[in-house]
Amino acid sequence: MATQLQEKFSVSNPDHAWGIVSDVSKLVPCVPGAKVISAEGPTTAKAEIKVDMGSMAMTFSGPVEIVEQDDGSKRAVIKAQAKEAGGQSNADGTVTITIGGDGGTVDATANVSGKAASMGEGTVQAVLQQLVKQFTGNLAKA
């Protein structure tokens, strides 16, 4: 099941925010429930995220990588692939974060399959929307 999201946000210091976006070890902890398990440099890490999906709590883990980065335009494309700890669900996505002026945008596409997708498109969309909103709030405060 593919889901697309877009969120605009404000930042008080665009250069500081870009410093977070361009380093996965700083970026991942801005996502609610997420942590870096191991980093292989500023652009690649293995991460884990705990998500409440309806009545189910799920833990996903997998690689996160900044696949495109343009310091001039403050634009980064991040790809993530994750499997649920029990192996019954998969989630992968592409997130494009652009910072300019006193704000930025997050454009995300997520594909969820397995048990997580069985919760229904509305639930998956609501959970992902909440994650993106909290992420942009955390990024603005970081």
Side-chain angles (χ1 to χ4, degrees), residues 1-87 89-117 119-142:
M1 165 187 329
T3 302
Q4 298 216 341
L5 305 162
Q6 184 176 64
E7 185 76 24
K8 294 185 183 316
F9 60 96
S10 299
V11 292
S12 58
N13 183 335
D15 291 332
H16 177 72
W18 177 245
I20 293 168
V21 169
S22 58
D23 183 339
V24 290
S25 293
K26 295 175 183 173
L27 181 67
V28 168
C30 288
V31 179
K35 66 181 179 181
V36 174
I37 296 170
S38 62
E40 301 167 22
T43 61
T44 306
K46 182 174 181 188
E48 177 181 279
I49 184 169
K50 294 181 180 180
V51 180
D52 289 328
M53 189 80 65
S55 61
M56 293 187 290
M58 302 176 148
T59 301
F60 291 87
S61 64
V64 177
E65 182 178 7
I66 298 173
V67 294
E68 289 179 40
Q69 183 174 323
D70 184 341
D71 292 329
S73 65
K74 290 186 173 71
R75 180 181 174 275
V77 179
I78 300 104
K79 286 194 180 281
Q81 295 177 308
K83 288 189 182 295
E84 184 195 1
S89 298
N90 293 307
D92 62 72
T94 303
V95 179
T96 302
I97 302 171
T98 307
I99 296 176
D102 60 356
T105 58
V106 172
D107 289 294
T109 303
N111 291 300
V112 178
S113 61
K115 190 168 70 171
M119 296 302 292
E121 190 171 349
T123 300
V124 172
Q125 176 86 22
V127 168
L128 293 174
Q129 187 71 45
Q130 188 64 28
L131 279 175
V132 170
K133 277 187 181 301
Q134 290 176 346
F135 163 75
T136 58
N138 291 343
L139 180 60
K141 289 185 276 188

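The figures that follow rest on heavy atoms only: side chains count, while hydrogens, waters and symmetry mates do not.
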Participant: Heavy atoms only: give me the nearest A108-V95 pair and the separation to one decimal.
Facilitator: CB-CG2, 4.1 Å
Participant: When you look at D15 and K74, which way does the side-chain contact (heavy atoms from CB on, under 4.5 Å) test go after all the steps?
Facilitator: CA-CA 9 Å; D15 291 332; K74 290 186 173 71; 3.0 Å; yes
Participant: About how many Å separate CG of L139 and OG of S10, when rounded to the nearest 0.5 Å?
Facilitator: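 Output value for this atom pair is 11.0 Å.
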Participant: Test C30 against I20 for side-chain contact (heavy atoms from CB on, under 4.5 Å), laying out the working first.
Facilitator: CA-CA 9 Å; C30 288; I20 293 168; 4.0 Å; yes
Participant: Distance check, rounded to the nearest 0.5 Å: S12 atom OG versus D102 atom CG?
Facilitator: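 Rounded to the nearest 0.5 Å, the OG-CG separation comes out at 9.5 Å.
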Participant: Are any side-chain N or O atoms of T44 and backbone N or O atoms of E40, one a donor and one an acceptor, separated by less than 3.5 Å?
Facilitator: no
Participant: When you measure from the side chain of S61 to the backbone N and O of E48, does any donor-acceptor pair fall under 3.5 Å?
Facilitator: no
Participant: Could you give the distance from CG (D107) to CD (E7), rounded to the nearest 0.5 Å?
Facilitator: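 So the CG of D107 and the CD of E7 are separated by 10.5 Å.
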Participant: Is it the case that over 12 heavy atoms from other parts of the model lie below 6.0 angstrom from the NZ atom of K46?
Facilitator: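 Check fails, neighbour count at 12 or below.
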Participant: Can K8 and T105 be counted as having a side-chain donor-acceptor contact under 3.5 angstrom?
Facilitator: no
Participant: Any idea which heavy atoms bring V24 and P29 closest together, and the distance?
Facilitator: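 In terms of heavy atoms, the two residues are closest at O-CD, 4.1 Å.
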Participant: State, yes or no, whether a side-chain contact exists between Q125 and L5 at a heavy-atom distance under 4.5 Å.
Facilitator: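 Sidechains of L5 and Q125: in contact.
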Participant: Within a radius of less than 6.0 Å around CD of E121, do more than 12 heavy atoms belonging to other residues, nucleotides or ligands occur?
Facilitator: no
Participant: Could you tell me which non-hydrogen atom of I66 sits nearest to which non-hydrogen atom of Q69, and how far apart they are?
Facilitator: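 Looks like CG2-OE1, 3.6 Å.
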Participant: Dump the intermediate steps for side-chain contact (heavy atoms from CB on, under 4.5 Å) on M53 and V124, then the final yes or no.
Facilitator: CA-CA 7 Å; M53 189 80 65; V124 172; 4.1 Å; yes
Participant: Give, for atom NZ of K35 and atom NZ of K50, the distance between the pair rounded to the nearest 0.5 Å.
Facilitator: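 Here the interatomic distance stands at 5.5 Å.
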Participant: Of all the heavy-atom pairs spanning A57 and D52, show the shortest one and how long it is.
Facilitator: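 Smallest heavy-atom distance, with atoms named: CB-OD1, 3.4 Å.
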Participant: Could you tell me whether the side chain of V77 reaches within less than 4.5 Å of the side chain of T94, counting heavy atoms only?
Facilitator: yes
Participant: Looking only at non-hydrogen atoms, find the nearest pair between V36 and S25 and report the distance.
Facilitator: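 The answer is CG2-CA, 3.9 Å.
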Participant: Using 0.5 Å steps for rounding, measure from the CD atom of E84 to the CE atom of M56.
Facilitator: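 If I round to the nearest 0.5 Å, the distance is 7.5 Å.
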Participant: So do I97 and F135 actually touch side chain to side chain, heavy atoms under 4.5 Å?
Facilitator: yes
Participant: Does a side-chain heavy-atom distance below 4.5 Å link M1 with S113?
Facilitator: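 Answer no - side chains too far apart.
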Participant: Within the structure provided, determine whether I49 and V31 are in side-chain contact (heavy-atom separation under 4.5 Å).
Facilitator: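 Touching, per the 4.5 Å side-chain cut-off.
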Participant: Can you give me the closest heavy-atom contact between A116 and S89, atom names plus distance?
Facilitator: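 Shortest heavy-atom contact: N-OG, 2.8 Å.
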Participant: The test is side-chain contact (heavy atoms from CB on, under 4.5 Å); show your working for E65 and I78 and say whether it passes.
Facilitator: CA-CA 6 Å; E65 182 178 7; I78 300 104; over 6 Å; no
Participant: I want to check something: taking the side chain as every heavy atom from C-beta on, are T3 and T109 in contact at a cut-off of under 4.5 Å?
Facilitator: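 T3 does not reach T109 side chain to side chain.
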Participant: Roughly how far, to the nearest 0.5 Å, is CH2 of W18 from OG1 of T98?
Facilitator: 8.0 Å
